[in-house]
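A short worksheet on the structure shown next.
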There are 4 protein chains.
Amino acid sequence: MNKRSKIIAAATKVFAKKGFFTARISDIAKEAKVADGTIYLYFNNKYDILISVFEEEIGKIIEQIKKILATETDPKRMLEMYVTRHLQTMKKNRNLAEVIQIELRQTNKLIKEYRNTKFIEYTDMMADIVRLGQSQGVFRDDIEPDIAKRFFFGALDEVSRIWTTSAEGRYSVEEIAGQLLQIILTGISAPNGRLADPDGCSAT
Amino acid sequence: MNKRSKIIAAATKVFAKKGFFTARISDIAKEAKVADGTIYLYFNNKYDILISVFEEEIGKIIEQIKKILATETDPKRMLEMYVTRHLQTMKKNRNLAEVIQIELRQTNKLIKEYRNTKFIEYTDMMADIVRLGQSQGVFRDDIEPDIAKRFFFGALDEVSRIWTTSAEGRYSVEEIAGQLLQIILTGISAPNGRLADPDGCSAT
Amino acid sequence: MNKRSKIIAAATKVFAKKGFFTARISDIAKEAKVADGTIYLYFNNKYDILISVFEEEIGKIIEQIKKILATETDPKRMLEMYVTRHLQTMKKNRNLAEVIQIELRQTNKLIKEYRNTKFIEYTDMMADIVRLGQSQGVFRDDIEPDIAKRFFFGALDEVSRIWTTSAEGRYSVEEIAGQLLQIILTGISAPNGRLADPDGCSAT
Amino acid sequence: MNKRSKIIAAATKVFAKKGFFTARISDIAKEAKVADGTIYLYFNNKYDILISVFEEEIGKIIEQIKKILATETDPKRMLEMYVTRHLQTMKKNRNLAEVIQIELRQTNKLIKEYRNTKFIEYTDMMADIVRLGQSQGVFRDDIEPDIAKRFFFGALDEVSRIWTTSAEGRYSVEEIAGQLLQIILTGISAPNGRLADPDGCSAT
DNA sequence: GATGAATGAGAGTTCATTCAT
DNA sequence: AATGAATGAACTCTCATTCAT
């Protein structure tokens, strides 16, 4: 594992634990087992590390989900995969989950010139699935894909905090994903469409 | 307007604009038109200001929504009111929206001993509405209220960012609320129940 | 008791407990049961309070000792009275003892222009006793009164810390005074003079 | 000279000149020709600097005096050496003298948990000399060594202020030491003992 | 490339002092 | 005369960043 990757991994862990501002460069250096100065051979400054964590780690998820979605054409199944995969990743890699949740909202304030394109790409995938479903007539036409993507991402993001907040961490990914999909799929399916959910109201 | 309220208002504005960490005490003081030291007559430290902003401002929303909900008994209408009111407040008071979104996730890291009870109270109101609907048979029984509350709050919170992010700020509260309720209500209504939405699948 | 005296008393107590720098004006105000601002009706600033404590409290001791010494003409007895009285006062009024010990050395650094005349007056009384004894032939001629006064005051001052330091506080004023006088009187008495101490070496 | 020593030296000088509280960290940094932050690489905080100055500088004196005393067995000569050496050091290193005089009394108030062990060690050396003399029958038995050590240290400490106070700085170490030893040795010598001082009353 | 000691700007907080009431 | 809320200058300490080795 090269130094850069080691630093990214260390930064993810430290940012998750302490938050961007409270984290010190020396914390990251210690975690990565390099000298403080070494970090500046690979990154311009503290913000650059944050952005890199984002881009690289979210980049990985995007690749994974893209690959999975490529094997599927049914919008409902695609949505199911997206949701399940997201929750799986977040449960497994809680540090990343924390970093996304915490820092996502900070970044624009910190670095005005930075457009978080990777993240936009990630949520836009969901909007695309919605559009696909609408064009096939399986999703309601009266849903705005750009609102829906926020709606779904927000729901996913907040729900996945369930594993970092201690209280209700007992739920499995499957349970959570099931509940979410229940609501989402029922909610956006075209009224006369065929629901993925066999409990749906399509049976006459 | 008393000094304390002036400082709370100024802090809300400054935190919203700059984020908690980037905001300087002197920024808040200048905004509130008081001396730096005056702030410490009303608050113990910077974190205390943050917590106070939260408690007081969310407290107000809770009061408002409680009052509204008291006039209504139909769970679907209650959910509608909750959603609409939340979005209205957030659109009107964008600073508060920002502070909630940005800082909500930071607070636990900063002040370990702080349990954000007001916020929990706020989201628990939604879990209660879901439970009420289930007991009346109008909401699906297979929805976990504690997961649903996260789902809905996350969706609401993320969706309301639409007004701070410049791009798609064109949507009105009514449009957004309509979209959300469309999905939510269809998604959680009992399959055999009568949907508020006339386009529902109940017609055989 | 008038306000000014109340403040002086409070300041003595607070300075003794916390030291001049660590003491806050509001501490003194609270102790004196007056408002912070009231203090500035009687004193120019914090340093002024310190100086006043000195002048007034040491002033009292000077008066007392002057009165006592007036009744006596034997230099040895006078020295005895000075020593005993000093130790008695310091044991009884530990706050004052602390203030003298702590602040005496600070004052010149704080206020360059301030000459602690009262204190000089106090120690000069001892030099005068020595001179008197020398003129009467009961004290050695080879002792410099100006060195001796420092010697004796330093010894007295340090010894009286015994009551503030917890360890060896068991000694009574009489014991300590006895020990000191033993050394001092034997030490400065004229070799051929008649010692107050019967164990002296005058017996041929 | 390493950085730590440079800072200690600078701090001694600055504390002596301004006193602990009035001294600013930046004064010490400037005097030591390092950056403010550098100080915190070697010391935890301002108090830590003060304590270190003490421990290190008094430590040096202890070593020196220990070495000298090791060459001597006569208690009277030992006392003479202690006194002379102390005064020599204080005259030469006036800054240290000031720091000891000023700060010695403050430290306990500042840092409750701090026991100034080095200092206690230093004064206890004097008590030991007294005990040794008593066991050899050359010092009076009726002197309490723990009171005597305070007596002598207080006298020494106050007397050495003579060189910082401008007025009577004309005296040489030898003169002052002579005067002190005159009083001390005469004062504590056993009545029937042979005095070091040939002018003593032993000659019949 | 790698190190980590050194830097110094900057921020939170305190508290002596003021002044409107 | 008395109050105490308000002020704002000043200080300690932190930590991102640099650079000589």
Side-chain angles (χ1 to χ4, degrees), chain A residues 2-4 6-7 18 20-30 32-50, chain B residues 2-4 6-7 18 20-30 32-49, chain C residues 2-4 6-7 20-30 32-50, chain D residues 2-4 6-7 20-30 32-49:
Chain A
N2 67 17
K3 285 253 165 70
R4 195 191 144 89
K6 263 167 67 184
I7 295 167
K18 296 194 153 192
F20 176 73
F21 287 101
T22 315
R24 279 167 295 158
I25 290 290
S26 61
D27 293 333
I28 299 173
K30 192 182 284 177
K33 284 172 187 159
V34 298
D36 291 23
T38 305
I39 289 178
Y40 289 87
L41 298 174
Y42 298 94
F43 302 92
N44 296 323
N45 53 42
K46 202 182 170 187
Y47 296 142
D48 192 27
I49 306 175
L50 179 64
Chain B
N2 69 19
K3 286 258 160 68
R4 198 192 141 89
K6 263 168 69 183
I7 294 166
K18 297 196 155 191
F20 175 73
F21 286 102
T22 315
R24 277 170 292 139
I25 290 291
S26 60
D27 294 332
I28 299 173
K30 194 181 285 176
K33 282 173 189 157
V34 297
D36 290 24
T38 304
I39 290 178
Y40 290 86
L41 296 175
Y42 298 94
F43 303 92
N44 296 322
N45 51 43
K46 202 181 170 189
Y47 295 144
D48 192 27
I49 307 176
Chain C
N2 67 18
K3 284 255 163 75
R4 195 188 144 90
K6 263 167 69 183
I7 295 168
F20 176 73
F21 287 101
T22 315
R24 280 167 293 157
I25 290 290
S26 61
D27 292 333
I28 299 172
K30 193 182 284 177
K33 284 174 187 157
V34 299
D36 291 23
T38 304
I39 289 179
Y40 288 86
L41 297 174
Y42 298 92
F43 302 92
N44 296 323
N45 52 41
K46 202 181 169 187
Y47 297 142
D48 191 26
I49 304 175
L50 180 62
Chain D
N2 68 19
K3 285 256 159 74
R4 198 190 140 89
K6 263 168 68 184
I7 295 167
F20 176 73
F21 287 102
T22 316
R24 276 171 291 138
I25 290 291
S26 59
D27 294 333
I28 299 172
K30 194 180 285 176
K33 282 174 189 158
V34 298
D36 290 23
T38 305
I39 290 178
Y40 289 88
L41 296 176
Y42 297 94
F43 303 93
N44 296 322
N45 51 45
K46 201 180 169 189
Y47 296 144
D48 192 26
I49 305 175

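In the text below, chain A, chain B and the rest are named by the order of the sequence lines, each starting its count at 1. All values below were derived from every heavy atom in this structure, side-chain atoms included, with hydrogens, water molecules and symmetry-related copies excluded. What you are looking at is a predicted structure, and each value in this text was computed from that prediction instead of being measured.
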Handout entry: C:I49 and C:Y42, any side-chain heavy atoms less than 4.5 Å apart
Key = no
Measure the distance from [atom1] on [X] to [atom2] on [N] and round it to the nearest whole Å.
| X | N | atom1 | atom2 | answer |
| --- | --- | --- | --- | --- |
| A:I7 | E:dG1 | CD1 | P | 11 Å |
| A:D36 | E:dT7 | CG | P | 16 Å |
| C:K6 | F:dA1 | NZ | P | 15 Å |
| D:R4 | E:dA6 | CZ | C1' | 17 Å |
| C:D48 | E:dA16 | CG | P | 14 Å |
| B:K33 | F:dA6 | NZ | P | 16 Å |
| A:K30 | E:dT3 | NZ | C1' | 16 Å |
| C:F21 | F:dA10 | CZ | P | 16 Å |

If you look at every heavy atom in [X] and [Y], which pair is closest and at what distance?
| X | Y | answer |
| --- | --- | --- |
| C:I7 | C:F43 | CG2-CE1, 3.5 Å |
| B:D48 | B:N44 | OD2-N, 2.9 Å |
| D:S26 | D:D36 | CB-OD2, 3.5 Å |
| B:F20 | B:K46 | O-NZ, 2.9 Å |

Exercise for the section: State the CG-NZ distance between A:D27 and A:K18, to the nearest 0.5 angstrom. Expected result: 4.0 Å
From [options], nucleotide with atom closest to [X] side chain:
| X | options | value |
| --- | --- | --- |
| C:Y40 | E:dT18, E:dT7, F:dT18 | E:dT18 |
| C:K3 | E:dG1, F:dA2, F:dC11 | F:dA2 |
| B:K46 | E:dG12, E:dG4, F:dT3 | E:dG12 |
| C:R24 | F:dT7, F:dT3, E:dA16 | E:dA16 |
| D:L41 | E:dT7, F:dT12, F:dG4 | E:dT7 |

Practice task
Would you mind classifying the nucleic acid contact of D:A29 as base, sugar-phosphate or nothing, using non-hydrogen atoms under 4.0 angstrom?
Solution key: nothing
Problem - Touch class at under 4.0 angstrom, heavy-atom based, for D:I25 against every strand present - result: sugar-phosphate
Exercise for the section: Report yes if a side-chain nitrogen or oxygen of B:Y42 is closer than 4.0 Å to either non-bridging phosphate oxygen (OP1 or OP2) of F:dA5; otherwise report no. Expected result: no
Fill in the blank from the handout: Per nearest nucleotide of DNA chain F, the residue lying toward the 5' end, D:A23 or A:G37, is D:A23
Practice task
Identify, between C:A35 and D:N45, the residue whose nearest nucleotide on DNA chain F lies closer to the 5' end.
Solution key: C:A35
Practice task
For B:S26 and for A:I39, locate the closest nucleotide of DNA chain E by heavy-atom distance; then report the residue assigned to the nucleotide nearer the 5' terminus.
Solution key: A:I39
Exercise for the section: Counting Watson-Crick and G-U wobble pairs only, both distances under 3.5 Å, name the nucleotide matched with E:dA20, or none. Expected result: F:dT3
Handout entry: Complementary nucleotide of F:dC11, counting Watson-Crick and G-U pairs under 3.5 Å
Key = E:dG12
